[in-house]
Amino acid sequence: MTRGNLIVSLDLGSSKVAVIAGEVGQDEHIHVVGFGSVPSTGIRKGNIIDIENTVRAIEAAVEQAEQMSGRQIEGGYVGITGLLVSSLNNRGVVAVASPDQEITQEDVDRVLQAARVIALPPDRKIIHVIPRQYFVDGNENILDPVGMVGSRLEVETHIVTINNATLQNVIKCCERAGFHPWEIVVNGYASGEAVLFPAEKELGAVVVDIGGGTTDIALFDQGTLWYTAVLPVGGDYITSDLAVGLRTPLNQAEIIKKEHGGTIPALTSDSEFVDVPSVGGRETFRVSKKVVASIIEPRVQEILSLVKNKLDSSGYTGLLPGGIVLTGGTALTNGIAELAVDLLQKPVRVGYPEGIAGLADVVNSPEYATGVGLLLYGVRRQQAMQENEDGFFVKNIFSRIKKWFQDLF
Ligand SMILES: Nc1ncnc2c1ncn2[C@@H]1O[C@H](COP(=O)(O)OP(=O)(O)OP(=O)(O)O)[C@@H](O)[C@H]1O
Ligand SMILES: [Mg+2]
């Protein structure tokens with residue numbers, strides 16, 4: 001059982017580096033037992049630009065989480081994002097091996113292996129091969145073929161790849177901070193785990209995680225990941241627009257955005273004012289909240305239109321009845337869901353991390369969707385591994401992790 005084992009996530013964000021440690025309690029629910037979050041200065045648009053600062057941030061976040069939990073943290077599940085993440089779809093096909101034609105887990109492993117065989121440039125590595133659906137003798141929409149009878153097993157997969165240097169930098173920073181990356185998971189996938197309800201994933205829904213430097217998009221359908229994309233835009237642009245538009249330092253623009261920002265000037269008062277310190281701090285002047293919203297609105301519209309373009313070009317033709325779930329820190333901007341309904345013409349809500357029982361309040365913000373999602377992913381992975389080979393928890397986990405790394409290189 002996973003109970004008692006510490007499962008840890010590391011979100012290397014452009015705004016903050018966050019560590020969440022959790023365990024499965026006696027009640028079978030996932031409890032957060034440790035949490036650390038420190039501002040991130042070594043990561044821009046999801047890419048590591050300063051190894052030293054990133055290592056220090058990981059160490060500091062880990063230390064906070066260790067102090068809170070009273071447990072030692074050795075490693076965990078690490079999120080990855082940035083422009084150098086990309087995705088494609090591929091199919092694999094094998095003949096069913098057993099003479100009675102009953103499909104086994106080995107057949108499934110072989111067909112997934114066959115789907116991995118793609119011509120990739122030498123500088124790219126595969127981080128996920130996610131089955132969208134299986135086909136048994138041409139019958140489609142099969143989610144778990146094990147135990148079925150057939151002669152030909154096919155799989156359609158969604159494959160996420162990453163630039164090797166980016167991956168190496170993430171692994172290097174983690175290792176130097178004494179944090180062993182157990183698996184690398186694309187951020188959008190993780191955020192979807194935390195904020196989408198199973199019914200939404202089943203029907204077709206998209207999570208849009210708008211952070212500081214990146215926007216991670218993940219489309220789920222029939223319960224699994226169907227499409228992923230990363231855009232190099234996020235809330236940092238809104239902050240710098242406000243700094244330029246209001247002629248105020250970036251740190252002041254950030255405060256004004258969080259405390260007084262809205263996205264819909266027409267619904268914002270022009271008789272409520274905000275004090276804006278000038279650059280150099282010599283004087284303070286006042287602007288109406290309507291003016292603040294009129295600076296924020298076009299940038300949020302731009303980010304959402306880029307999301308729309310990505311979805312339009314994803315090849316997905318379903319109607320997305322589960323709608324769009326906005327998360328990440330920028331989803332806290334007032335009025336963003338209303339603006340997104342107009343632009344995307346789908347049901348939209350703001351997603352907070354779900355699925356955590358104990359101490360859920362410490363991570364109860366869209367900013368921690370990726371971190372909580374990585375934790376949920378980790379719990380699910382470890383439980384799946386244990387179901388396969390119960391009784392050898394530690395040996396099993398480490399041999400699986402070793403296999404994962406071997407697959408990677
Ligand atoms: N109340 C708020 N209103 C508007 N924006 C907010 C609010 N709170 C946080 N933000 C913005 O959210 C962004 C940070 O979000 P988040 O923590 O999800 O980013 P990150 O994961 O560190 O970065 P990324 O995912 O882009 O690498 C910042 O731009 C911050 O200004
Ligand atoms: Mg993020």
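When a ligand or atom number is given, it counts from 1 through the structure's own listing order.
Taking every non-hydrogen atom of E254 and a distance limit under 4.0 Å, the qualifying atoms of ligand 1 come out as 30 (C), 31 (O). Within ligand 1, the atoms closer than 4.0 Å to a non-hydrogen atom of G13 are 20 (P), 21 (O), 22 (O), 23 (O), 27 (O), numbered from 1 in the order shown. Of all the atoms in ligand 1, the ones that sit under 4.0 Å from a non-hydrogen atom of G328 are 18 (O). The ligand atoms of ligand 1 that sit less than 4.0 angstrom from a heavy atom of D236 are 29 (O).
Taking the ring centroids of Y368 and F35, they lie under the 6.0 Å cut-off. In this structure, Y316 has its ring center under 6.0 Å from that of W226.
Scanning the protein heavy atoms around atom 22 (O) of ligand 1, the nearest turns out to be S15 N, 2.7 Å. At the top of the distance list for atom 9 (C) of ligand 1, counting protein heavy atoms only, stands K258 CE, 3.5 Å.
A cation-pi arrangement, defined by a distance under 6.0 Å to the six-membered ring centre and an angle within 45 degrees of its axis, is absent between R247 and F285.
Looking at T330 next to ligand 1, an N or O pair under 3.5 Å apart turns up. At a 3.5 angstrom cut-off on N or O pairs, T81 does not count as close to ligand 1.
To the nearest 0.5 Å, the span separating OH on Y189 from OG1 on T224 amounts to 7.5 Å.
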